[in-house]
Amino acid sequence: MFDIKWIRANAEAFDVAVSRRKGVSVRSSDLLAIDDRRREIIGRLNEAQEQRNALSKQIGQAKAQKDEARAAELMSEVARLKDFIPQGEADERAVEAELHAALSTIPNLVLDDVPVGTDESGNVEYFGRNGSAEIAAKLRAPKPSFVFAPKEHYEVGVAAELMDFETAAKLSGSRFVVLKGQVARLERALGQFMLDLHTTEHGYLEVQPPLLVKDAALFGTNQLPKFEEDLFFTPHGDSRLALIPTAEVPLTNMVREAIMSEEELPLRMTALTPCFRSEAGSAGRDTRGMLRQHQFNKVEMVSITTPETSLDEHERMLDCAEAVLRKLGLHYRVMNLCTGDIGFGARRTYDLEVWLPGQDTYREISSVSVCGDFQARRMEARYRPAGEKQAPRYVHTLNGSGTAVGRCLIAVLENYQQEDGSVAVPDVLQPYMGGLTSIGGK
RNA sequence: GGAGAGAUGGCAGAGUGGUCGAAUGCACCGCACUCGAAAUGCGGCAUGGGGGCAACUCCAUCGGGGGUUCGAAUCCCUCUCUCUCCGCCA
């Protein structure tokens with residue numbers, strides 16, 4: 001969310017930057033007009049309140065001196081403010097709400113190095129700050145080659161047997177899956193492996209957050225007010241709770257309305273949770289297999305940083321996500337999302353796209369975003385700079401998947417599939433699989 | 001689910017209709033004293049917003065919202081959360 005004072009001071013820059021975003025038509029002049037009205041209302045209200053306060057104080061003094069006549073006189077004087085002040089307060093509330101609503105629906109400004117584009121075809125491959133295609137090729141697993149035609153994940157022998165969409169449909173409808181046996185265990189192994197990696201090697205604090213959250217939390221991480229239709233809600237008393245669409249929501253909102261000390265930053269948290277998405281806008285897309293589900297597990301990373309360190313943290317978090325795929329020996333690429341594809345709250349987003357030989361394409365498996373102070377403003381999340389007394393400043397927030405477990409399972413099944421329908425277990429997962437080197441097959 | 005108690009500044013904790021944005025203590029910062037430190041003394045120390053070049057000034061905020069009143073931390077209503085007891089329960 002934007003600071004109206006910043007927009008006032010940088011009106012032109014705001015208009016230019018916001019116009020880079022697809023489908024955003026808001027202009028600074030519209031917002032500043034609301035703010036002008038707001039200031040005028042506040043000015044008049046403050047004046048009236050000042051008069052009332054001064055007179056009330058005099059009434060108190062008169063009463064203390066038992067001068068009832070004087071007190072009565074003052075009371076009649078203040079009476080003429082009786083109508084104006086409540087009205088002014090109501091006007092102020094209304095115009096504040098109007099401004100807040102207008103600001104709530106404006107997406108974040110993107111950084112200068114975000115490519116301009118209208119859709120995902122405008123995304124640009126990214127090799128790191130000092131990276132190159134050559135260096136990346138050395139670090140990452142190569143595309144696997146097959147002597148047979150690789151199958152899609154749900155066709156791979158062991159998965160065809162243990163990935164049960166029919167039963168899931170019976171229970172819950174489409175876009176659900178029942179995993180069984182060694183495939184279920186492999187999914188569990190992946191989640192454990194990722195969580196262990198981030199907590200032991202990357203310095204993230206393991207968190208088990210609530211999976212049901214309030215509207216206020218959803219507002220903080222931008223799901224509300226614009227993306228309500230993507231969520232599942234459950235009634236709760238007179239209100240409702242949402243099933244989290246990502247652990248970004250509870251993890252980031254842990255610092256909501258908090259003032260941290262600078263020493264606590266960066267705060268790095270990770271969680272393995274189920275995620276629930278209605279997929280309202282994707283009817284007909286990816287209907288086969290478990291690529292796009294209403295429910296899936298994901299390991300999420302969230303960092304809370306100072307403004308000075310958030311861009312470095314973005315690169316660091318990207319590397320933490322990449323480490324998962326490197327250790328699993330999965331081939332992937334990194335894309336810098338263009339202005340037409342980037343999410344609402346992000347200043348820049350790197351997507352990790354893993355290679356799926358069965359689909360013969362790259363598919364998103366992780367998304368790593370730096371949001372600047374955009375979410376912090378919505379959450380009122382601040383920190384007090386170290387040293388001399390200083391006013392609190394908004395923190396910066398980052399989030400990234402590390403990675404989507406369900407999609408990672410797909411990637412392992414497709415990349416490690418054998419001609420006989422079995423699947424080799426990647427080295428790093430074998431300790432989590434009781435030492436098994438392969439599942440399925442004869 | 002039933003009954004009761006509570007929510008005040010970074011923390012602890014006063015304050016039940018007026019001069020209270022809020023005593024006091026702790027913590028923190030500056031100064032003095034000291035070779036230095038401790039102790040002691042003096043001073044400072046909330047957040048948001050409006051106006052002003054600035055010094056400064058005004059408004060709001062004592063869990064959230066609404067109300068009574070000339071005036072609310074204080075009275076009323078309501079919501080949220082916390083604690084205690086009873087019941088139920090993975």
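In what follows, every chain begins at residue 1, and chains take the letters A, B, ... in the order their sequences are listed. What's counted below: heavy atoms across the whole structure, side chains too, no hydrogens, waters or symmetry copies.
Of the P atoms belonging to rG63(B) and rA7(B), the separation is 8 Å, rounded to the nearest Å. Separating the P atom of rU61(B) from that of rU68(B) is a span of 15 Å, rounded to the nearest Å. Taking atom C1' on both nucleotides, rG18(B) is separated from rA37(B) by 48 Å, rounded to a whole Å.
Pairing for rC83(B) goes to rG4(B), judged as Watson-Crick or G-U wobble with the two contacts each under 3.5 Å. Across all strands shown, rC20(B) has no partner, as no Watson-Crick or G-U wobble contact with both distances under 3.5 Å is found. With a cut-off of 3.5 Å on both Watson-Crick or G-U wobble distances, the partner of rG41(B) is given as rC31(B). Under the Watson-Crick and G-U wobble criteria, each requiring two contacts below 3.5 Å, nucleotide rA14(B) is left unpaired. Checking rU68(B) for Watson-Crick or G-U wobble geometry (two distances, each under 3.5 Å) identifies no partner in any strand. Base pairing annotation: rA73(B) forms no Watson-Crick or G-U wobble pair, as no partner gives both donor-acceptor distances under 3.5 Å. Look at rU47(B): its Watson-Crick or wobble partner, with both distances under 3.5 angstrom, is rA60(B). Searching all strands for a Watson-Crick or G-U wobble partner of rA55(B) with both distances below 3.5 Å returns nothing.
Taken from CZ in R39(A) to CG in N46(A), the straight-line distance is 12.5 Å, to the nearest 0.5 Å.
Taking only side-chain nitrogens and oxygens, R39(A) comes nearer than 4.0 Å to OP1 or OP2 of rG51(B). Phosphate proximity of rC59(B) to N53(A): present, with a side-chain N or O under 4.0 Å from OP1 or OP2. In this model, the phosphate group of rG71(B) is not approached by any side-chain N or O of K63(A) to a distance below 4.0 Å at OP1 or OP2. Here R382(A) does not reach the OP1 or OP2 of rA46(B): none of its side-chain N or O atoms lies under 4.0 Å away.
If you take CG of D36(A) and C1' of rG49(B), they are 16 Å apart, rounded to a whole angstrom. Counting to the nearest Å, the C1' atom of rC59(B) and the CD atom of E40(A) are 17 Å from each other. Across the protein-nucleic acid pair, N46(A) atom CG and rU61(B) atom C1' stand 13 Å apart, rounded to whole Å. Between the C1' atom of rG17(B) and the CE atom of M75(A) lies a distance of 13 Å, rounded to the nearest Å. The CD-P distance, from E77(A) to rU69(B), rounds to 20 Å in whole Å. The interatomic distance linking R240(A) (CZ) with rU80(B) (C1') rounds to 17 Å, in whole Å. If you measure from atom CG of D67(A) to atom P of rU19(B), you get 18 Å, rounded to the nearest angstrom. Here rC79(B) presents its C1' atom at 15 Å from CG of D215(A), a figure rounded to the nearest Å.
Using a 4.5 Å heavy-atom cutoff, the side chains of H202(A) and M317(A) are not in contact.
Closest-nucleotide positions on RNA chain B for R384(A) and I42(A) were compared, and the one nearer the 5' end corresponds to R384(A). Remark on RNA chain B: of its neighbouring residues R52(A) and G60(A), the 5'-side contact belongs to G60(A), judged by nearest-heavy-atom nucleotide.
F232(A) and H294(A) have their aromatic ring centers within a separation under 6.0 angstrom.
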- Item | Residues E313(A), T309(A); criterion side-chain contact (heavy atoms from CB on, under 4.5 Å); working and verdict | CA-CA 6 Å; E313(A) 186 74 8; T309(A) 55; 5.6 Å; no
- Take F176(A) and F165(A) through the test ring-ring contact (aromatic ring centres under 6.0 Å, His included) and record every step on the way to the result. CA-CA 7 Å; F176(A) 288 93; F165(A) 295 97; over 10 Å; no
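As judged by a 4.0 angstrom heavy-atom cut-off over every strand, R44(A) is placed among residues making no nucleic acid contact. Residue-level contact check: K214(A) touches neither bases nor backbone, having no heavy atom under 4.0 Å from any strand.
We find that D36(A) and R8(A) are joined by a salt bridge, their nearest charged nitrogen and carboxylate oxygen being less than 4.0 Å apart.
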